[in-house]
Amino acid sequence: MQEKNLFHLPVIIAFFLAIVILIFFMRHSIICLSFPFPLEYGEGITANYTALAVKGENIYPVVKSSLPWLHNPYGPLFFYFSAIFAKFTNNPFLPGRIVSFISAILVFFLIFFFARERVSVFAALASVLLFVSSPVVWRYSTMGRVDFLALVMMSISIFLLYKVKRISEDVVKSENTNLSSILVFLSSLFAFSAVIVKPSYLPIVFSGFIVSLNFSKRDFIIFISGIFSGLFFFLAWIMFTSQTAIFIHWTKMNMIGFSFANFAKILFIFMRTHLFTIILFIFAIYNFRRDKILGYFSIASGIIAFLTIKNGAIDSYFLPLLLCASFSAANFVSNYNFKGANYVFSSILAVQLGFFLPISPTPVFTATYGFDLPPSALNITPSEDDFATGNAIINEIKSVDEPVLCDEPGYLLCAGKDIYIQPYQYGMLARKNIIEKNLLEDAINNNFFSLYIIRSAKGSNSYFSEEVINLIKSKYPLKTTIGNYNIYGD
């Protein structure tokens, strides 16, 4: 972006919007990081496996036809990174949030360094701002989920491949092949690590294959060697720690089906606020001949976004697309540095930031696992109502000594209770007759649980089947309603 005439109206508007958004982002981050209750369903699941990792227990429990029935669809890295911080806090969700937040900060810097090699400081900061301001980034950068750790692994892998490209361009006769080979190998390890954090990132490994082959056959062999090295140590860890149930968790227990409606819904909501981000992403593919690295990884990111066709997939699958769009912003500015470009680009930035501007806060718990997705950033910032709801539910759980069945497993961790079943995955597999659906009904009939916390019709639908909910209602009276939850028990 041009350095002259920076202080015209679009720049001033963009600057003002950026300040407003960043202030709200800081507020959001502080509230979310310290929030003592789960921000959404997935946090309870990851926090539970982090707790198991801290204890040295199996994070891929053997699948049985009895309780507890637990399912871990993710790779192990996130839980062991989170376990490092778990020793310093009593908040079961904070360790995972710290890992996500640190990963997000690293991604911000990587976007800046990438852009700064191509454009001015102002334009590089604008590229970062496009990423930071997205409600999707807000949501997952402060949430104890695997997404941002996988994204930073992907970002580093891409960044290292650009360094290899720079070496091959800068050094002609005395090419530093040793440094280049080391960077290619490290890039492959980070790409593999992204998959070991979140398996849906597998397409980026294939992008790495193609990019390294475009460099040279030597680099291609080195990249493959890095992937196989990572795979060897991963399999050795599985055997050494007796985590062989991981294969069932990643295959049979993950077969919850597909829903094009889910993909269309998430895409529509994403496009509603990310118009120019989508344009920049398309430009990354259009600009393929000039930047094949970003082109291949953008294609992989598009495939990952399309995986929201899977039941239960959420808008976090669009994070790689956002990353590539932010990289693409720098390429776009450097390629089209025409007269008046500063005015045009600043206007585009101001309009996009306007779409991102947080305006209407609503309770965070309306958004879980693909049901009601947030249209704006503040919808995902916990409110005082969320805090009050959490406290009230925890008090109800602590009032009984026996196990509790809850639509939001994270609440059980807050109350010091064990999680005996993961509602979403169990409910989906039971509906498809992939697992024994009588497991939960038998536990209810045998009075295994003394309290039932079921999401009511006022909020998102319950993860439990209608048959299970009717059985609970037939055996236990409604004690109280707290927020979006009905509580049944004697």
* To do: Using a 4.5 Å cut-off on heavy atoms from C-beta on, say whether the side chain of L106 contacts that of S155.
  => no

* To do: Answer yes if the ring centres of Y74 and Y49 are under 6.0 angstrom apart, and no otherwise.
  => no

* **All pairs passing salt bridge (charged side-chain N to carboxylate O under 4.0 Å, His left out) where residues 117-134 contributes a residue, at least two apart** => E117-K163, E117-R166

* Spell out, as yes or no, whether a donor-acceptor pair under 3.5 Å connects the side chain of S334 to the backbone of N331. => yes

* Could I get the full list of ring pair (Phe, Tyr, Trp, His ring centres under 6.0 Å) partners for F276, not counting sequence neighbours? => none

* To do: Applying ring pair (Phe, Tyr, Trp, His ring centres under 6.0 Å), run through F464 and Y452 and close with a yes or a no.
  => CA-CA 11 Å; F464 298 111; Y452 299 84; 8.6 Å; no

* Structure fact -> Heavy-atom closest pair (Q352 atom, T277 atom, distance to 0.1 Å) is OE1-N, 3.2 Å

* Asked: Which salt bridge (charged side-chain N to carboxylate O under 4.0 Å, His left out) pairs, counting each pair once, include a residue from residues 277-306, with sequence neighbours left out?
  -> none

* Mind checking the CG-OG spacing from L129 to S134? Nearest 0.5 Å is all I need. => 11.0 Å

* **Y411 side chain vs I393 backbone, donor-acceptor pair below 3.5 Å** => no

* With sequence neighbours excluded, give me every salt bridge (charged side-chain N to carboxylate O under 4.0 Å, His left out) pair touching residues 273-282. => none

* side chain to side chain contact (heavy atoms under 4.5 Å, CB included) between I256 and Y424: does it pass, once the steps are laid out? -> CA-CA 10 Å; I256 56 178; Y424 181 79; 3.9 Å; yes

* Asked: If you round to the nearest 0.5 Å, how far is CG of L439 from CG of L429?
  -> 12.0 Å

* **Exercise: identify the closest heavy-atom pair between V136 and D315** => CG1-O, 3.6 Å

* To do: Return yes when atom CD of E384 has more than 12 non-hydrogen atoms of other residues, nucleotides or ligands closer than 6.0 Å, and no otherwise.
  => no

* Asked: Going by atom types alone, do S456 and N484 pair a side-chain donor with an acceptor below 3.5 Å?
  -> no

* What pairs with F114 under ring pair (Phe, Tyr, Trp, His ring centres under 6.0 Å), at least two apart in sequence or on another chain? -> Y162, F327

* To do: Return the set of residues passing ring pair (Phe, Tyr, Trp, His ring centres under 6.0 Å) with F209 (not counting sequence neighbours), or none when no residue passes.
  => F206, F223

* Asked: Any donor-acceptor pair under 3.5 Å linking the side chain of T46 with the backbone of G144?
  -> yes

* **Heavy-atom side-chain proximity of P76 to I59 below 4.5 angstrom** => yes

* Asked: What pairs meet the salt bridge (charged side-chain N to carboxylate O under 4.0 Å, His left out) rule with one or both residues in residues 275-288, with sequence neighbours excluded?
  -> none

* Name all residues meeting the side chain to side chain donor-acceptor pair (under 3.5 Å) criterion together with H71; count only those two or more places apart in sequence or in a different chain, and write none if there are none. => H249, Q425

* Structure fact -> Here the gap from S103 atom OG to F81 atom CZ, rounded to the nearest 0.5 Å, amounts to 8.0 Å

* To do: Would you check if the distance from the ring center of Y296 to the ring center of F288 is below 6.0 Å?
  => yes

* Do R145 and L39 have side-chain heavy atoms sitting under 4.5 Å apart? -> no

* For the pair N470 (side chain) and E466 (backbone), establish whether a donor and an acceptor sit closer than 3.5 Å, ignoring hydrogens and angles. => yes

* **Test item: I13 and F16 side chains (from C-beta on) under 4.5 Å apart, heavy atoms** => no

* **Working for side chain to side chain contact (heavy atoms under 4.5 Å, CB included), residues F270 and I278** => CA-CA 9 Å; F270 182 84; I278 293 289; 3.5 Å; yes

* To do: Measure the shortest side-chain to side-chain distance between L405 and L440 over non-hydrogen atoms and say whether it is less than 4.5 angstrom.
  => yes

* To do: Could you tell me whether F148 and Y140 have their ring centroids closer than 6.0 angstrom?
  => no

* Asked: Under a 4.5 Å cut-off applied to non-hydrogen side-chain atoms, are F355 and H274 in contact?
  -> no

* Measuring from Y426:OH to R431:CZ, what's the distance to the nearest 0.5 Å? -> 10.5 Å

* Does some side-chain heavy atom of L161 sit less than 4.5 Å from a side-chain heavy atom of F190? -> no

* Sequence neighbours excluded, which residues qualify as ring pair (Phe, Tyr, Trp, His ring centres under 6.0 Å) partners of F306? -> F263

* Asked: For D407, what residues pass the side chain to side chain donor-acceptor pair (under 3.5 Å) criterion, not counting sequence neighbours?
  -> S462

* Can you list every side chain to side chain donor-acceptor pair (under 3.5 Å) pair that touches residues 186-201, not counting sequence neighbours? -> D147-K198, S157-S187, K198-S316

* Take M255 and K432 through the side chain to side chain contact (heavy atoms under 4.5 Å, CB included) test and state the conclusion after the steps. => CA-CA 9 Å; M255 297 172 62; K432 293 180 177 297; over 6 Å; no

* Asked: Between S346 and F122, what is the shortest heavy-atom contact and its length?
  -> OG-CE2, 4.3 Å

* Minimum heavy-atom distance between N311 and F258, given as atom pair plus value -> ND2-N, 3.5 Å

* Counting N and O atoms only, with roles assigned by atom type, does the side chain of N391 sit under 3.5 Å from a partner on the main chain of A388, one being a donor and the other an acceptor? -> no

* Asked: Does the side chain of P68 come within less than 4.5 Å of I419's, by heavy atoms?
  -> no

Which donor-acceptor pairs under 3.5 Å do the side chains of residues 83-99 make with protein atoms, sequence neighbours left out?
{"from": "T89", "atom 1": "OG1", "to": "N91", "atom 2": "N", "distance (Å)": "3.0"}
{"from": "N91", "atom 1": "OD1", "to": "F93", "atom 2": "N", "distance (Å)": "2.9"}
{"from": "N91", "atom 1": "ND2", "to": "F35", "atom 2": "O", "distance (Å)": "3.2"}
{"from": "R97", "atom 1": "NE", "to": "E43", "atom 2": "OE2", "distance (Å)": "2.8"}
{"from": "R97", "atom 1": "NH1", "to": "C32", "atom 2": "O", "distance (Å)": "2.8"}
{"from": "R97", "atom 1": "NH1", "to": "F35", "atom 2": "O", "distance (Å)": "2.5"}
{"from": "R97", "atom 1": "NH2", "to": "F37", "atom 2": "O", "distance (Å)": "2.8"}
{"from": "R97", "atom 1": "NH2", "to": "E43", "atom 2": "OE1", "distance (Å)": "2.8"}

* Structure fact -> Distance col, row I314:CD1 vs E40:CD, nearest 0.5 angstrom, shows 5.5 Å

* Would you name the heavy atoms of G208 and F297 that are closest together and state the gap between them? => N-CZ, 4.0 Å

* Heavy-atom pair with the smallest gap, counting every atom of N58 and Y60 -> OD1-N, 2.8 Å

* Asked: Does N262 use its side chain to pair, donor to acceptor, with the backbone of A313 at less than 3.5 Å?
  -> yes

